[in-house]
Amino acid sequence: MLNPFMMKLDLQEELTEQLNIEEVFSFTIGGVKVGFDETTVVSWIIMAVLTVLAIILTRNFKVTGEISKRQLMVEMLYEKAEGFFKGIMGEKVEQHIPWLMSMALFIGTSNMIGLFGFKPPTKSMQVTAAMAVTSIVLVEYCAFKDKGFGKRMKEFTKPIWIITPINILELFTKPLSLCMRLFGNIIAAFTIMELIKAVVPMVVPVVLGLYFDIFDGLLQAYIFVFLTALYIKEAVEDEEEHKAKKKIKKNKKVKKLSA
């Protein structure tokens, strides 16, 4: 029979080990030590692998004439992803779709890289926080570029000036939400897996491990970029445009019901 106390200690030790970010290598420049930890090195590996795959998959693409099955598959996947983001964001900010796709690929690969024996970078709050801050910087850049400085600043006073501090606070709560959601789900999946390993045979943990590493990992990548796309859309959309879109949707529903 399992000792609950020992199981608790084992889980704590394993969780501490997984959360601990060890230094891989370092060097000194002018008396200043520059170190590189596991998350940095694994992130470099992921970016290098994705870059090489992108070069291989897009090699010898044709603009005219008969295209290969490889090019057809890549173009089809890209068009599907582009159509998905266009449906969320609209034409105003569709130039940022490649960035969102790249972010989705990086997060998805980071979540699944545990299958190859590496520690996922997304288990580090530093990584998830950096990605969240990058996303919100892009959101605000789009807002200020589209509306101008004065109009964007005025939006913080809507619907009434007294809630201005709350609107400003939202600039910090959005990246915090993105960061904690991604980090929390990855750590929660790991904790659940450790508990399952302690009480059931090996077959079940293997199956569930694949679920958390693949399906849940891709799901978290989807949620992250989906929310970022929504934030960008909200940032560039005027109140009048929002009302007009709601009216169009309402009219479509009425037509469907009356048909």
>> I'd like to know whether I187 forms a side-chain contact (heavy atoms from CB on, under 4.5 Å) with K123, so could you lay out the CA-CA distance, the side-chain angles of the two residues, the decisive distance to 0.1 Å, and finally the verdict.
In response: CA-CA 7 Å; I187 294 300; K123 278 186 180 177; 4.3 Å; yes
>> Show, in sequence, the C-alpha distance, side-chain angles and deciding distance for I97 and K86, and conclude whether the side-chain contact (heavy atoms from CB on, under 4.5 Å) test is met.
In response: CA-CA 8 Å; I97 289 176; K86 279 183 178 180; 3.7 Å; yes
>> Assess the residue pair S110 and F118 against the criterion (side-chain contact (heavy atoms from CB on, under 4.5 Å)); give the C-alpha distance rounded to whole Å, side-chain angles, the decisive distance to 0.1 Å, and a yes or no.
In response: CA-CA 9 Å; S110 296; F118 294 98; over 6 Å; no
>> Could you walk me through whether E82 and E94 satisfy the side-chain contact (heavy atoms from CB on, under 4.5 Å) test, starting with their C-alpha distance in whole Å, then the side-chain angles of each, then the deciding distance to 0.1 Å, before giving a yes or no?
In response: CA-CA 8 Å; E82 187 181 42; E94 64 181 26; over 6 Å; no
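When every heavy atom of N111 is checked against every heavy atom of Q220, the shortest pair comes out as ND2-CB, 3.9 Å. In plain terms, the two heavy atoms of A229 and F85 that are nearest each other are CB-CD2, 4.1 Å. Of all heavy-atom pairs between V236 and A143, the closest is CG1-N, 4.3 Å. The nearest pair of heavy atoms linking I223 to R181 is CG2-CD, 3.8 Å. G108 and A221 make their closest contact through N-CB, 3.6 Å (heavy atoms, listed as atom of the first residue, atom of the second, distance).
Put simply, the side chain of R152 never gets that close to the backbone of E140: no donor and acceptor are under 3.5 Å apart. Using modelled atom types, one side-chain atom of K147 and one backbone atom of A235 make a donor-acceptor pair closer than 3.5 Å.
The local environment of CD in E75 is crowded, with over 12 non-hydrogen atoms from other residues, nucleotides or ligands closer than 6.0 Å. Enclosure of atom CD1 in I162 is not indicated, since only 12 or fewer non-hydrogen atoms of other residues, nucleotides or ligands lie within 6.0 angstrom.
Here T51 contributes atom OG1 and I46 contributes atom CD1; the two are 11.5 Å apart, rounded to the nearest 0.5 Å. Between L218 atom CG and I107 atom CD1 the span is 11.0 Å, to the nearest 0.5 Å. Rounded to the nearest 0.5 Å, atoms CE (M125) and CD1 (I186) are 12.5 Å apart. Atoms CD and NZ, from Q71 and K69 in turn, are 14.0 Å apart once rounded to the nearest 0.5 Å. A distance of 12.5 Å separates CZ of F224 from CG of N185, quoted to the nearest 0.5 Å. The distance from atom CD1 of I67 to atom CG of N60, rounded to the nearest 0.5 Å, is 13.5 Å.
Ring pair H96/Y141 is perpendicular by interplanar angle, where above 60° counts as perpendicular and below 30° as parallel.
Residues S102 and L50 form no side-chain contact, since every pair of their non-hydrogen atoms from C-beta on lies 4.5 Å or further apart. Proximity of W99 to S135: side-chain heavy atoms (C-beta onward) are separated by under 4.5 Å at one or more points. Inter-residue side-chain proximity for L227 and K174 is flagged as unmet; no heavy-atom pair is nearer than 4.5 Å.
In the hydrophobic clustering of this structure, M103 does not group with V133; members are Ile, Leu, Val, Met, Phe, Trp, Tyr whose side-chain heavy atoms approach within less than 4.5 Å, directly or through other members. Residue I232 is not grouped with residue V137 when hydrophobic side chains (ILVMFWY) are merged at heavy-atom distances under 4.5 angstrom, including chains of intermediate members. Under the 4.5 Å side-chain heavy-atom criterion for ILVMFWY residues, a single connected hydrophobic cluster contains both W161 and I166. Both L171 and F149 are assigned to one and the same hydrophobic cluster, defined by single-linkage of ILVMFWY side chains at heavy-atom distances under 4.5 Å. F61 and M76 are not part of a single hydrophobic cluster, where members link through side-chain heavy atoms under 4.5 Å apart.
Under the 4.0 Å criterion applied to side-chain N and carboxylate O atoms, K158 and E155 are not assigned as salt-bridge partners.
A donor-acceptor pair shorter than 3.5 Å cannot be found between the side chains of T164 and N167.
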